[in-house]
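As structure tokens, the structure follows; a few thoughts come after it.
For the numbers below, each heavy atom of this structure counts, side chains included, while hydrogens, waters and symmetry mates do not.
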Amino acid sequence: MNEALIIADQILILHRHPRRKNETLQAWDSADEYLINHFQDNDLGKYITEDGQLLIINDGFGALSCFFQETQRTVVSDSFLSVGSIKLNMQRNQCPTETLLIQDSLQPLPTNAKVVLIKVPKTLSFLEYQLQQLSSVIDKDTIVVAAGKVDAIHKSTLALFEKYIGTTKTSLAKKKSRLIFSLPDQINVSEKEVAITWDIERFDWKIHNHANVFSRNHLDIGGRYLMENLPEGDFTKVVDLGCGNGVVGMAAAEAYPDAQITFIDESYMAVDSARINMLKNFEEERSDNTRFVVNNGLVGFKSRSYDLILCNPPFHQQHAITDHIAWSMFNDAHFCLAINGELVIVGNRHLDYQDKLNRIFGNCELIAENKKFVILRAIKRD
């Protein structure tokens with residue numbers, strides 16, 4: 001939907017998909033407004049010299065990118081969906097593109113940032129990774145301001161700013177959001193490998209996880225249950241949709257040795273983790289028959305092109321709990337499956353995916369269940 005953000009004499013029309021019919025969902029929040037007002041009220045733009053720029057980290061849907069359209073800036077995101085929203089909202093608001101560089105979270109940060117604005121991410125490990133990267137490219141004169149919802153800023157959050165940036169304090173809360181001010185006076189910041197590795201003994205795999213990968217500390221129990229209940233068949237083109245670190249697609253590579261496996265996720269870190277895990281745990285010949293795609297689900301993929309799609313759908317987007325991602329994934333899967341192709345998903349019992357699949361596919365079969373999860377299969381009919 002479209003909403004107007006009116007702030008500091010600017011009117012921005014921002015778009016974000018609603019979660020459900022007739023539901024409004026803003027493409028910005030009070031933390032965005034707090035950051036913008038603080039920047040304006042304190043004239044932070046004066047610190048951005050001709051050879052410097054503004055660095056924006058974790059702009060959710062483009063509110064910050066659009067508002068600071070006249071300022072040379074780099075925007076860093078790990079989300080393909082966020083990047084797409086930024087580009088869409090820039091276009092809709094006729095913002096110039098020559099002042100903006102968008103890069104993913106795996107690329108090096110620019111070294112000439114004079115002001116840094118951060119939206120605090122949901123994952124503490126991801127924040128640690130970002131602050132560690134930031135600490136290596138700023139100096140004592142760099143202004144660092146972060147913002148987030150009050151319930152997302154904890155002592156552990158502030159401790160990371162203290163550890164990697166320097167002396168840190170917070171603002172008063174406004175509209176349930178708070179600012180974090182961090183003075184770059186920390187010296188001799190020790191490097192720490194934020195990515196972690198753990199074993200899956202059943203397959204003798206070592207699993208690499210970047211900082212922003214879902215269930216990065218252990219094997220997700222839903223994913224494990226799906227790996228244990230893969231369908232039998234002579235599948236040749238398989239998708240791990242919403243792949244995370246890629247363990248479900250890797251199990252498919254074991255179960256269907258001749259199949260091409262495509263790993264898809266909207267997180268750049270997730271897809272790179274899946275790529276690393278295939279390279280580390282499979283022979284080169286098997287790894288060669290794989291694809292790794294950062295994308296919004298199956299948007300843009302050809303119809304009737306796959307015979308099996310495996311999915312452990314997320315039910316949150318950033319801090320919002322939502323089922324629209326699952327709806328999109330199921331509809332995309334129906335479009336991309338060949339006739340008699342199968343969508344096999346794992347989900348919490350209470351999420352009622354069975355009803356959704358019946359409405360989209362006209363059928364749904366319960367393959368397995370336990371106290372917490374169900375494995376469901378829907379088949380595309382002619």
Side-chain angles (χ1 to χ4, degrees), residues 3-12 14 16 19 23-47 54-68 71 73 75-79 82 85-86 89 113-132 134-135 138 142-186 212 316-322:
E3 291 279 348
L5 169 59
I6 305 174
I7 187 169
D9 298 324
Q10 277 203 49
I11 301 176
L12 300 175
L14 300 177
R16 180 178 175 183
R19 289 183 276 178
E23 181 181 25
T24 60
L25 192 59
Q26 284 188 168
W28 75 93
D29 59 20
S30 57
D32 291 312
E33 294 185 61
Y34 211 163
L35 273 176
I36 291 171
N37 282 323
H38 176 78
F39 188 101
Q40 296 292 98
D41 293 344
N42 293 274
D43 193 20
L44 297 188
K46 68 184 179 184
Y47 297 102
L54 171 65
L55 175 59
I56 300 172
I57 300 176
N58 305 327
D59 188 7
F61 299 95
L64 299 176
S65 301
C66 290
F67 186 86
F68 297 107
T71 304
R73 65 211 182 283
V75 176
V76 179
S77 176
D78 189 54
S79 167
S82 290
S85 294
I86 291 168
N89 285 319
K114 303 303 181 183
V115 178
V116 182
L117 303 181
I118 305 171
K119 292 290 294 294
V120 175
K122 182 178 180 180
T123 307
L124 202 62
S125 59
F126 187 37
L127 176 63
E128 182 171 17
Y129 167 84
Q130 292 181 318
L131 294 179
Q132 181 174 292
L134 183 62
S135 68
I138 60 176
T142 309
I143 297 172
V144 179
V145 186
K149 292 292 187 178
V150 170
D151 58 5
I153 298 176
H154 311 285
K155 289 182 178 179
S156 56
T157 310
L158 302 179
L160 288 178
F161 279 89
E162 290 272 0
K163 178 179 179 180
Y164 290 105
I165 308 301
T167 304
T168 297
K169 62 181 182 179
T170 62
S171 71
L172 297 174
K174 287 185 179 179
K175 297 182 180 179
K176 299 182 180 179
S177 290
R178 193 183 300 278
L179 296 180
I180 300 171
F181 309 103
S182 204
L183 182 66
D185 57 11
Q186 185 63 271
N212 197 35
H316 63 269
Q317 184 177 10
Q318 297 180 21
H319 295 279
I321 296 175
T322 173

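- Here the shortest heavy-atom pairing between T142 and I138 reads OG1-CB, 3.5 Å.
- Looking at residues two or more places apart in sequence or on another chain, you find no side-chain hydrogen bond (donor to acceptor under 3.5 Å, both in side chains) involving D43.
- Of the candidates D32, D59, I57, D32 is the only one forming a side chain to side chain contact (heavy atoms under 4.5 Å, CB included) with K119.
- Here D185 contributes atom CG and I165 contributes atom CD1; the two are 10.0 Å apart, rounded to the nearest 0.5 Å.
- A search for ring pair (Phe, Tyr, Trp, His ring centres under 6.0 Å) contacts involving F39 returns F68, not counting sequence neighbours.
- Every residue was checked against the side-chain hydrogen bond (donor to acceptor under 3.5 Å, both in side chains) condition with T123, not counting sequence neighbours, and none meets it.
- Within 6.0 Å of NZ on K174 lie no more than 12 heavy atoms contributed by other residues, nucleotides or ligands.
- In this structure, CG in L117 is found 7.5 Å from CG in L44, a value given to the nearest 0.5 Å.
- The shortest side-chain heavy-atom distance between H38 and N42 falls under the 4.5 Å cut-off.
- Every residue meeting the side-chain hydrogen bond (donor to acceptor under 3.5 Å, both in side chains) condition with E128, not counting sequence neighbours, appears here in chain and number order: Y164, K192.
- The minimum heavy-atom distance linking R73 with T71 is given by the pair NH1-O, 2.9 Å.
- D78 meets the side-chain hydrogen bond (donor to acceptor under 3.5 Å, both in side chains) test with S105, N212, S267; sequence neighbours excluded.
- Rounding to the nearest 0.5 angstrom, the gap separating the CG atom in L134 from the OH atom in Y129 is 11.5 Å.
- For F61 against N89, the heavy-atom pair with the smallest separation is O-ND2, 2.6 Å.
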### Task
I would like to know whether I118 and F161 meet side chain to side chain contact (heavy atoms under 4.5 Å, CB included); could you show each step before the answer?
CA-CA 11 Å; I118 305 171; F161 279 89; 4.2 Å; yes

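- Pairing each heavy atom of I36 with each of L64, the nearest pair is CG1-CD2, 3.8 Å.
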Return a table of donor-acceptor pairs under 3.5 angstrom between the side chains of residues 175-183 and protein atoms on other chains or two or more places apart.
from	atom 1	to	atom 2	distance (Å)
S177	OG	S30	OG	2.5
S177	OG	A31	N	3.2
R178	NH1	S171	O	2.8
S182	OG	T168	OG1	2.9

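- If you take CG on L55 and NZ on K114, they are separated by 12.5 Å, rounding to the nearest 0.5 Å.
- Contact record, P121 with N58: CD-ND2, 3.6 Å, taken as the closest heavy-atom pair.
- Between atom CG of residue D29 and atom NZ of residue K149 there is a gap of 5.0 Å, rounded to the nearest 0.5 Å.
- The two residues L127 and T157 come nearest to each other via the heavy atoms CD2-CG2, 3.6 Å.
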